[in-house]
There are 2 protein chains.
Amino acid sequence: MKKKKKNENSSKIFEYHDHGACFGDAITQIEDYFIQKKLQLTPLRRKVFEILIEDHKPLGAYDILDKLGEAGFSSSPPIAYRVLGFLIEHGFVHKVQGLNAFIACSNPKHSHFPTFVICRKCEKVAEVSEEKSGLNLPSPRITNFKIEKTTIELTGICSTCENAEIR
Amino acid sequence: MKKKKKNENSSKIFEYHDHGACFGDAITQIEDYFIQKKLQLTPLRRKVFEILIEDHKPLGAYDILDKLGEAGFSSSPPIAYRVLGFLIEHGFVHKVQGLNAFIACSNPKHSHFPTFVICRKCEKVAEVSEEKSGLNLPSPRITNFKIEKTTIELTGICSTCENAEIR
DNA sequence: CGTTGGTATGTTATGTTATAACATGTAATG
DNA sequence: CATTACATGTTATAACATAACATACCAACG
């Protein structure tokens with residue numbers, strides 16, 4: 001008997017997902033990418049990425065530093081910022097500006113113009129593709145301007161939190 | 001002979017505009033709004049708004065504090081952050097997240113979902129309406145989520161700076 | 001093999017941005 | 001004039017980020 005997996009085709013944004021698989025995939029992806037690009041996936045870089053992908057939620061640089069410290073790495077600020085900068089450059093991490101925090105990319109193969117949906121109450125963050133968000137990016141060049149990077153963050157309240165609000 | 005004003009109908013983003021008029025309009029608009037909403041446009045609030053509208057470019061909180069100091073106001077951080085927060089709430093100021101800076105709203109009557117276009121080289125910032133940016137906001141509610149606020153910032157290089165780059 | 005150059009990490013110090021907590025002032029209301 | 005609401009003032013500190021310089025490692029080259 002074939003039973004459909006819960007939420008499998010849901011269009012909900014904050015839905016459950018198989019994080020075990022996600023984690024493994026992500027590690028494999030970053031490994032492949034680093035080999036292909038002849039970059040060094042050093043223990044430090046790997047650890048930072050693992051910290052982010054494990055939690056799969058935005059972490060502040062100093063949270064990451066604490067975890068690095070616990071794991072026996074150096075934990076002075078430049079360590080985290082450098083590695084994060086590197087991982088961001090290569091599309092494996094994004095910065096969530098509204099939270100001064102960093103999050104592992106849900107899918108590095110996706111668009112480099114991610115949209116983040118942030119619940120101000122539970123602070124859950126979802127990275128959604130452009131199509132899913134209903135938001136259409138302009139062509140990469142708007143009049144007299146070449147877009148290189150976008151920050152698109154939608155803050156509000158998710159239905160779970162909204163229903164819980166006493167009004 | 002009627003001569004068309006320079007750039008009047010240009011679709012360029014970083015174009016010249018009549019800032020004298022803009023300034024006057026902005027002050028009038030904020031005055032009207034405050035009267036209508038029975039809010040106090042105190043000397044401090046007015047000054048902060050004037051500082052921002054005069055420069056008409058993003059200023060850091062501490063830049064604003066300096067200018068407040070020069071003008072004889074208190075210049076401890078909470079002063080600026082409080083007033084900025086208040087002006088933001090009422091739509092007269094926006095925060096440009098990518099620059100940790102604040103900018104007067106180009107037109108408070110416009111959408112509350114502004115898009116900022118930021119040149120990484122000359123650091124000019126333009127606030128554009130949704131239509132103009134070519135960016136279409138999703139309906140205010142995407143699946144299971146109520147959007148209350150958006151941060152949309154497009155960073156790149158304006159044509160002037162691009163042409164000036166030696167490649 | 002020893003030097004050189006590139007890359008990564010370590011360390012110290014400091015710069016920048018933002019807020020908490022509490023005190024004071026002021027003006028309208030009952 | 002006591003109460004309340006709102007605005008501002010002040011001190012201290014928290015949170016976020018980078019500059020500048022030191023060390024380590026390794027691979028390529030003469």
Side-chain angles (χ1 to χ4, degrees), chain A residues 30 33-35 37-52 58-90 92-103 120 123 151 153 155, chain B residues 30 33-35 37-52 58-90 92-103 120 123 151 153 155:
Chain A
I30 195 171
Y33 178 94
F34 271 61
I35 290 166
K37 295 263 182 177
K38 296 188 177 152
L39 300 169
Q40 302 178 50
L41 186 55
T42 59
L44 178 61
R45 287 173 178 166
R46 176 186 283 268
K47 186 65 193 175
V48 169
F49 185 68
E50 283 175 2
I51 287 168
L52 285 169
L59 291 178
Y62 283 73
D63 296 334
I64 294 166
L65 279 170
D66 288 347
K67 301 205 181 206
L68 284 176
E70 287 166 16
F73 292 86
S74 168
S75 61
S76 54
I79 295 292
Y81 285 102
R82 272 193 300 235
V83 173
L84 288 167
F86 184 85
L87 293 173
I88 287 170
E89 258 183 44
H90 293 282
F92 292 93
V93 169
H94 298 295
K95 179 166 185 184
V96 182
Q97 293 280 4
L99 303 173
N100 288 324
F102 303 86
I103 189 167
R120 65 165 157 76
E123 300 217 319
T151 299
E153 297 176 8
T155 305
Chain B
I30 196 171
Y33 178 93
F34 271 60
I35 290 167
K37 295 263 182 175
K38 297 188 175 151
L39 300 169
Q40 301 178 51
L41 186 55
T42 60
L44 178 61
R45 287 173 179 168
R46 176 185 283 266
K47 185 67 193 174
V48 170
F49 184 68
E50 282 175 2
I51 288 169
L52 285 170
L59 292 177
Y62 284 75
D63 297 333
I64 294 166
L65 279 170
D66 287 347
K67 302 205 180 205
L68 284 177
E70 287 165 18
F73 291 85
S74 168
S75 60
S76 54
I79 295 292
Y81 285 102
R82 272 195 299 235
V83 172
L84 288 167
F86 184 84
L87 294 173
I88 287 170
E89 258 182 45
H90 293 283
F92 291 94
V93 169
H94 298 294
K95 179 166 187 185
V96 181
Q97 292 281 5
L99 303 172
N100 287 325
F102 303 87
I103 190 168
R120 66 165 157 76
E123 300 217 319
T151 299
E153 298 176 8
T155 304

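By convention in this document, chain letters (A, B, ...) are assigned in the order of the sequence lines, proteins followed by strands, and residues within each chain are numbered from 1.
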So which nucleotide from dT10(D), dT18(D), dA7(D) ends up closest to the side chain of P77(A)? dT18(D)
Residue I79(A), side-chain heavy atoms: nucleotide from dA18(C), dA17(D), dT11(C) that is nearest: dT11(C)
Mind checking the CD1-NZ spacing from I103(B) to K95(B)? Nearest 0.5 Å is all I need. 14.0 Å
May I ask you to say what [X] touches in the nucleic acid, namely base, sugar-phosphate or nothing, with a heavy-atom cut-off under 4.0 Å?
{"X": "K38(B)", "result": "nothing"}
{"X": "R82(B)", "result": "base"}
{"X": "S76(B)", "result": "base"}

Length of the line joining [X]:[atom1] and [N]:[atom2], which is rounded to integer Å:
{"X": "D63(B)", "N": "dT17(C)", "atom1": "CG", "atom2": "P", "answer": "8 Å"}
{"X": "L41(B)", "N": "dC6(D)", "atom1": "CG", "atom2": "P", "answer": "17 Å"}
{"X": "Q40(A)", "N": "dA24(D)", "atom1": "CD", "atom2": "P", "answer": "18 Å"}
{"X": "L44(A)", "N": "dC25(D)", "atom1": "CG", "atom2": "C1'", "answer": "15 Å"}
{"X": "F73(B)", "N": "dG9(D)", "atom1": "CZ", "atom2": "P", "answer": "8 Å"}
{"X": "L87(B)", "N": "dT8(D)", "atom1": "CG", "atom2": "C1'", "answer": "14 Å"}
{"X": "D66(A)", "N": "dC16(D)", "atom1": "CG", "atom2": "P", "answer": "11 Å"}
{"X": "I88(A)", "N": "dA17(D)", "atom1": "CD1", "atom2": "C1'", "answer": "12 Å"}

Are OP1 or OP2 of dT17(C) and a side-chain N or O of N100(A) less than 4.0 angstrom apart? no
Counting only side-chain N and O atoms of Y81(A), is one of them less than 4.0 Å from OP1 or OP2 of dA17(D)? yes
Take the angle between the ring planes of F92(B) and F34(B) and call it parallel below 30°, perpendicular above 60°, tilted in between. tilted
In this structure, which one of V48(A), L84(A), I51(A) forms a side-chain contact (heavy atoms from CB on, under 4.5 Å) with F102(A)? L84(A)
Please name the residue in the list L65(B), I79(B), L68(B), V83(B) that meets the side-chain contact (heavy atoms from CB on, under 4.5 Å) test with F73(B). L68(B)
Given the structure, check if the side chain of Y62(B) and the base of dA18(C) hold any donor-acceptor pair shorter than 3.5 Å. yes
Is the side chain of Q97(B) donor-acceptor paired with the backbone N or O of T151(B) at a distance under 3.5 Å, no angle test? no
